[in-house]
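Both backbone and side-chain heavy atoms feed into the values below; hydrogens, waters and symmetry mates do not. Letters A, B, ... are given to chains in the order of the sequence lines, protein chains preceding strands, and every chain is numbered from 1.
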Protein chains: 2
Amino acid sequence: MTTPYKDSILRGDCIEVMKSLPDACVDLVFADPPYNLQLGGGLTRPDQSDVDGVTDEWDQFESFAAYDAFTKAWLAEARRVLKPNGALWVIGSYHNIFRLGCAVQDLGFWIQNDVVWVKTNPMPNFRGTRFANAHETLIWAGRDKKSRPTFNYHSLKAANEDVQMRSDWTLPLCTGQERLKTGGKKTHPTQKPEALLHRVLSATTNPGDVVLDPFFGTGTTGAVAKRLGRHFVGIERDETYAKAAEARIASIVPADPEDAAPLPSPRRQPRVGFGQLIESGLLAPGSKLYCPKRKHIARVKADGTLDTSLHQGSIHKVGAGVQNAASCNGWTFWHYEEAGKLAPIDSLRSVIRRGMN
Amino acid sequence: MTTPYKDSILRGDCIEVMKSLPDACVDLVFADPPYNLQLGGGLTRPDQSDVDGVTDEWDQFESFAAYDAFTKAWLAEARRVLKPNGALWVIGSYHNIFRLGCAVQDLGFWIQNDVVWVKTNPMPNFRGTRFANAHETLIWAGRDKKSRPTFNYHSLKAANEDVQMRSDWTLPLCTGQERLKTGGKKTHPTQKPEALLHRVLSATTNPGDVVLDPFFGTGTTGAVAKRLGRHFVGIERDETYAKAAEARIASIVPADPEDAAPLPSPRRQPRVGFGQLIESGLLAPGSKLYCPKRKHIARVKADGTLDTSLHQGSIHKVGAGVQNAASCNGWTFWHYEEAGKLAPIDSLRSVIRRGMN
DNA sequence: ATGTCACATGAATCCACCT
DNA sequence: TAGGTGGATTCATGTGACA
């Protein structure tokens, strides 16, 4: 399916603009919604300076109700334009993240993780009345419970000292050269660091995917998407921000497609059956396989099954059987002998796979 | 005002029991309510052993609506029994924290901070499908917008190497000797570490204050309160938990009020992965890395892995691969070129680390 | 006593594909 | 769509056996 408006910034209110997009046309939505909605949106009442407690609480309730209505409206549209296996990221602070998270769940999204962006250089709390607000929260959710969102597990692990990536990410704020300036002042009050979007997009999209950002601002999502070989659709109602984003993205040089591809996952490699090892002559019928400690021995049969005195069947079933386990990965459990040493039969599968290229 | 039931554990449903308490009688509420986990079938580790998930009856709810109704009911009572300047702490994970936070706001509490408990030793993700769930979230809120909750800013700062205490707390899980056992098995599936409560109570209560915990469990709140010279009121409906808590608290020796009990360790040095060099723009996708003698060349990929014609993966795996070695420290093996000279990528990691201080 | 290694375990919404 | 099967998948820490 082709996505309209690919790699461009649409002007207008994101709810209205999303309504003009077809169903199921984007792979990912990344959203950094405002939480300090001012009068312009017509969503909150004015902040009365001298009110009694009752009115104060009522006012607070009204504001929350209006914010919730706004949140549900844009999230519903975002969900509609997501593909079945699409996913959503939203980011917020304690002012709005609980309302966002609640709406995400109520609309049928299925949360995969919440992630905390721990800031290396947060703004201190000057008045000494609270803890320094040193983090923001992101929510990663599939379109629904059945969705299987993209997750480049092996890339993340390899990039993280071969240890799986955790839900806490320590990253600096957007400062210095990266921070867009207009006349010496910051162009946008809450510009997100590209490193944050880099991690989001390289973790949960593939090259060529389309990422929608309904609160595009100065276009960090678009800039990183372009650099990583992903497509973006931005929505922004403030022309100043949109113009700044366009200029910024125009200057981005995309990575070579070869460099943008995530590490291939074993789950997506071509399937090689155990029988192919015998067919190809890598293992002879009648040869013996051993568990790592040589405690269990099985005989290879010509039809691609294993045989012990007690168990017959696939390498997995027999491996589970001899261990009295519920399941077993026969490729790593069973070993063949060569020059007196044992090696997993998985290494023979690799030989077959190499021959398939 | 005297508080009834001080330093004791009340048996029963927390909503009913709280209704029997007078208005405005406690200084702090700490609550660790059921998380409504909604786990699927069984989960096994890669070594085939079973994961002991939380499948207790008390964590089961019909729907989000049922959970929300329960949440609002106990929070409303908690708010009623709080003094005007009293405060609330709740803890949860992404399964329930957004619903908790919403209810907290809707009922008129005023959030001071959200705090993330970053776990040093979380359970990994065993199937490689998500980020390791390595944190939980706490919300600290005043009874209402006008409340001025206790906050021991200066003692926190002094105990934190004279740096302002932040909203991210790095602490280990409750394991080892601290974990209560019954017949060799854990007494409670979700016992919280005392270090966490220590930080909560020393930060936001004064000696002599009364702390109510409506989900007392095995009484971590009571144990820490007693040690720190605070009073507690616990509510627990499971007699086994309540009994265990009573025995535990009886053995606690209160600290001498003069003693500044040591606060748990400061935050650990976060891991810096090779991926962060690319995320931060220190290395561009497609740039080349060399071994010291330029015999081997690898290309940097956007996902934080390396690629030669033969090997793909982490800097360490690829370094080992090209040398045909069992292992390799990629940080010192791989070099980048600058002004015609080679420098180890470890020097770029130092740049990242400097930015994190 | 000291070091090594095997083993256990923690609030977990934890698979993909084919028939 | 429900069920069956192939086969992919873990980090930090504490305890205890054993050399």
Counting C-beta onward and ignoring hydrogens, is there a side-chain heavy-atom pair between B:D168 and A:W117 closer than 4.5 Å?
no
Would you say that B:W140 contacts B:S167 through its side chain, given a criterion of any heavy-atom pair below 4.5 Å between the two side chains?
no
side-chain hydrogen bond (donor to acceptor under 3.5 Å, both in side chains) between B:W331 and A:E161: does it pass, once the steps are laid out?
CA-CA 10 Å; B:W331 290 108; A:E161 302 292 278; 3.0 Å; yes
When rounded to the nearest Å, what value does the distance between C1' atoms of C:dG10 and D:dA8 take?
22 Å
Looking only at atom C1', what distance separates C:dA11 and D:dG7, rounded to whole Å?
28 Å
OP1, OP2 of [N] versus side-chain N and O of [X]: anything below 4.0 Å?
X	N	result
A:H154	D:dT9	yes
B:Q177	D:dT15	yes
A:H316	D:dG6	no
B:R45	D:dC11	no
A:Y153	D:dT10	yes

Looking only at heavy atoms, what is the nearest atom pair of [X] and [Y], with distance?
X	Y	answer
B:R99	B:D68	NE-OD1, 2.8 Å
B:I91	B:P33	O-CD, 3.6 Å
A:V322	A:H296	O-CE1, 3.4 Å

Can you tell which of [options] lies closest to the side chain of [X]?
X	options	answer
B:Q48	D:dT9, D:dG7, C:dA11	D:dT9
A:S314	D:dG6, C:dG10, D:dT10	D:dG6
B:D47	D:dT10, D:dT13, C:dA12	D:dT10
A:N329	C:dG10, C:dA11, D:dT9	D:dT9
A:K317	D:dT5, D:dA8, D:dT10	D:dT5
B:R179	C:dG10, D:dG6, D:dT9	C:dG10
B:D32	C:dA12, D:dG7, C:dA11	C:dA11
B:N125	C:dC14, D:dA12, C:dA11	C:dC14
B:P46	C:dG10, D:dT10, C:dC14	D:dT10

Both A:R166 and A:R349 contact DNA chain D. Which one's nearest nucleotide lies toward the 5' end?
A:R349
Considering heavy-atom distances to DNA chain D, does A:D346 or A:K146 have its closest nucleotide positioned more toward the 5' end?
A:K146
Using whole Å, what does the distance between atom [atom2] of nucleotide [N] and atom [atom1] of [X] come to?
X	N	atom1	atom2	result
A:N85	C:dC17	CG	P	10 Å
A:R271	C:dC17	CZ	P	9 Å
B:K119	C:dG10	NZ	P	12 Å
B:K186	C:dA8	NZ	C1'	11 Å
B:M123	C:dA8	CE	C1'	13 Å
B:R130	D:dT10	CZ	P	16 Å
A:D168	D:dC11	CG	P	14 Å
B:H188	C:dT9	NE2	P	18 Å

Touch check for [X], heavy atoms < 4.0 angstrom, all strands: base, sugar-phosphate only, or nothing?
X	value
A:I315	nothing
A:Q112	nothing
B:P193	nothing
B:V51	base
A:K157	sugar-phosphate
B:G217	nothing
B:T190	base
B:W58	base
B:C174	nothing

Verify whether the ring centers belonging to B:F215 and B:W74 lie closer than 6.0 Å.
yes
Check for me whether the distance between the ring centres of B:H188 and B:Y241 falls short of 6.0 Å.
yes
Can you tell me which residue among B:I139, B:L28, B:V29 is in a side chain to side chain contact (heavy atoms under 4.5 Å, CB included) with B:W89?
B:L28
Between B:D52 and B:F64, who's closer to the 5' end of DNA chain C by nearest nucleotide?
B:D52
Mapping B:N133 and B:P122 onto DNA chain C by nearest heavy atom, which one lands closer to the 5' end?
B:P122
From A:Q164 CD over to B:F126 CZ, what is the distance, rounded to the nearest 0.5 angstrom?
8.5 Å
For B:E239, is the CD atom crowded, meaning more than 12 foreign heavy atoms sit under 6.0 Å from it?
yes
Helical stems, DNA chain C - three or more consecutive Watson-Crick or G-U wobble pairs below 3.5 Å:
C:2-10 with D:11-19, C:15-19 with D:2-6
Looking at A:R267 and D:dG6, is any side-chain donor or acceptor paired with a base atom of the opposite kind under 3.5 Å?
no
